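Written below as structure tokens is the structure these notes are about.
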Amino acid sequence: ATAAAAAVAVAAAAAPRATRVAAAAATVRRGASLVPTAITFPASSATSSDGDQQPLEYLSGLNGMALNADQRTFPSMQEVLSKVPKHCFEKDTAKSLLYAAVSTAITVGCGALAYFYIPMTMAFLPAWIAYAFVAGTASTGCWVVAHECGHGAFSDNKGLQDAVGYVLHSLLLVPYFSWQRSHAVHHSRTNHVLEGETHVPAMVNTPDSDVVFKLRNLIGEGPFTAINLAAVFLLGWPIYLLTGASGGPVRGTTNHFLPWMGAKGKHALFPGKWEAKVWQSDVGVVAVLAGLTAWAVAAGSAWPIVALYVGPYLVCNFWLVLYTWLQHTDTDVPHLAAGEWSYIKGAFLTIDRPYGAVFDFLHHRIGSTHVAHHV
């Protein structure tokens, strides 16, 4: 919750300028206003020498032009989809399997090279850190392939699709069906300030935001930003899976392994058939943990697992958090209340950013095509 509440404050320091399709969406229909609108956060006001509170403006690339999205006329979903080429809706199982094979081969290949050629000694710690970054970056491609499986975009063969997604996500300690459900909720309520799922900022003058601003004022903005970034990148993903941190407040404290936690009724995260699917997801994660434990016992030490698996696992989590954070957080992009929100607004108020040819190849362009993905 602390990480979610700090997202807007940290974005000013952590986020590069974005390519924001929100502006393009606003101009799909002629006559849309492009008057910049500033946003202020009273709870983060600065105190001047005479004791008066001076509101601070937090703006970036669009200079606030997306902030009045609630006043714009957006195209309908049908209008948007009519502009998408038909081949974009066709699934190519062979190509999808090729992407999965390439990401898996690079990841396994990195692990094999490290196992055979890097000595398991502290003297080679820099080499192991480098390996963790390379292998973790490669394994993020496997994560993205499983992500497409969860969306039903991998293949028309649903059994094959779920098998690939289940295996790849379980190997990365992700409960496949549980995440599939929560991620679908995220897409269906993107940028809804109460019902969104993941990276929903805490509203000012609430307990979640108050504790963040108090901590920032106590230790200073620089140290707070550094600590927050380290905590979110290292622990943000498992904390989300275990507590639903940064999810919409209507769902309470959720858990991707225990389906009964959180709100009941229409805001339940895992209603009906999804409870059984959560347990199925747990089996895959527990099986991988059991395998890692057996490996440590056979090796007589946990260090081979830490070096070969845990390091890349943490880097993979870093990439996942980095992508989703920057896809859904910017000082120019608002989160909307129920009366202002719509599905198409939420989709257009996501963010594409450039990551370069290498990361686009390894991660199947998940960061640079995110607006199209939400549409």
Side-chain angles (χ1 to χ4, degrees), residues 18-37 39 60-92 147-156 158 180-201 203 247-251 266-269 271 323-324 326-353 364-375:
T19 303
R20 298 172 183 84
V21 183
T27 58
V28 168
R29 290 184 172 176
R30 298 289 183 182
S33 170
L34 289 179
V35 178
T37 303
I39 186 170
S60 57
L62 279 179
N63 293 319
M65 287 192 294
L67 291 172
N68 62 346
D70 59 316
Q71 303 166 26
R72 306 278 183 85
T73 299
F74 278 65
S76 69
M77 192 64 182
Q78 184 177 2
E79 288 175 312
V80 174
L81 293 180
S82 70
K83 303 299 182 182
V84 179
K86 291 182 179 178
H87 72 266
C88 294
F89 298 97
E90 297 171 0
K91 303 170 189 176
D92 188 331
H147 165 271
E148 299 309 308
C149 293
H151 274 294
F154 186 86
S155 172
D156 287 320
K158 190 174 185 303
Q180 182 185 53
R181 162 63 183 171
S182 65
H183 194 62
V185 173
H186 158 67
H187 272 263
S188 70
R189 292 292 184 272
T190 303
N191 281 50
H192 193 300
V193 76
L194 295 177
E195 298 180 15
E197 179 67 17
T198 75
H199 297 287
V200 179
M203 291 182 286
V250 296
R251 288 183 201 91
K266 72 173 185 177
H267 293 305
L269 189 57
Y323 276 129
T324 55
L326 294 182
Q327 286 163 348
H328 297 288
T329 304
D330 196 277
T331 52
D332 283 346
V333 175
H335 288 248
L336 306 174
E340 305 163 343
W341 178 90
S342 70
Y343 178 90
I344 199 65
K345 285 182 182 180
F348 276 121
L349 290 173
T350 57
I351 305 161
D352 292 340
R353 300 180 191 271
H364 311 294
R365 300 181 65 85
I366 195 172
S368 56
T369 60
H370 195 69
V371 179
H373 170 63
H374 266 261
V375 170

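Just so you know, these numbers come straight off a predicted model, no measurement behind them.
Among residues two or more places apart in sequence or in another chain, the ring-ring contact (aromatic ring centres under 6.0 Å, His included) test is passed with H364 by Y99. For the ring-ring contact (aromatic ring centres under 6.0 Å, His included) test, residues two or more places apart in sequence or in another chain that qualify with Y323 are W319, Y355, H363. For H192, the ring-ring contact (aromatic ring centres under 6.0 Å, His included) partners are W341, not counting sequence neighbours.
One finds the CG atom of L81 at 10.5 Å from the SG atom of C88 (value rounded to the nearest 0.5 Å).
In this structure, the side chain of R353 does not engage the main chain of S368 through any donor-acceptor pair within 3.5 Å. Formation of a donor-acceptor pair under 3.5 Å by the N191 side chain with backbone atoms of A347 is not found in this model. Listed for the E197 side chain is no donor-acceptor partner under 3.5 Å among the backbone atoms of H187.
Centroid-to-centroid, the aromatic rings of H186 and H199 stay 6.0 Å apart or farther. For H147 and H373, the gap between ring centers is short of 6.0 Å.
Salt bridge status for D352 with R365: absent, with no side-chain N to carboxylate O gap under 4.0 Å.
Inspection of the T190 and H374 side chains reveals an N or O donor paired with an N or O acceptor under 3.5 Å.
Here the side chains of K91 and F154 are not in contact, with every heavy-atom distance at 4.5 Å or above. Counting heavy atoms from C-beta outward, V80 and F348 have side chains that approach closer than 4.5 Å. Two residues are said to be in side-chain contact when any heavy atoms from C-beta on lie closer than 4.5 Å; T198 and R189 fail this criterion. Residues H370 and V375 are not in side-chain contact: their nearest non-hydrogen atoms beyond the backbone lie 4.5 Å or more apart. The side-chain heavy atoms of S76 and I344, taken from C-beta on, include no pair separated by under 4.5 Å. The shortest distance between side-chain heavy atoms of H335 and P201 falls below 4.5 Å. In this structure, R251 and V185 have side chains that are in contact, with non-hydrogen atoms separated by less than 4.5 Å. Using a 4.5 Å heavy-atom cutoff, the side chains of L336 and V193 are not in contact.
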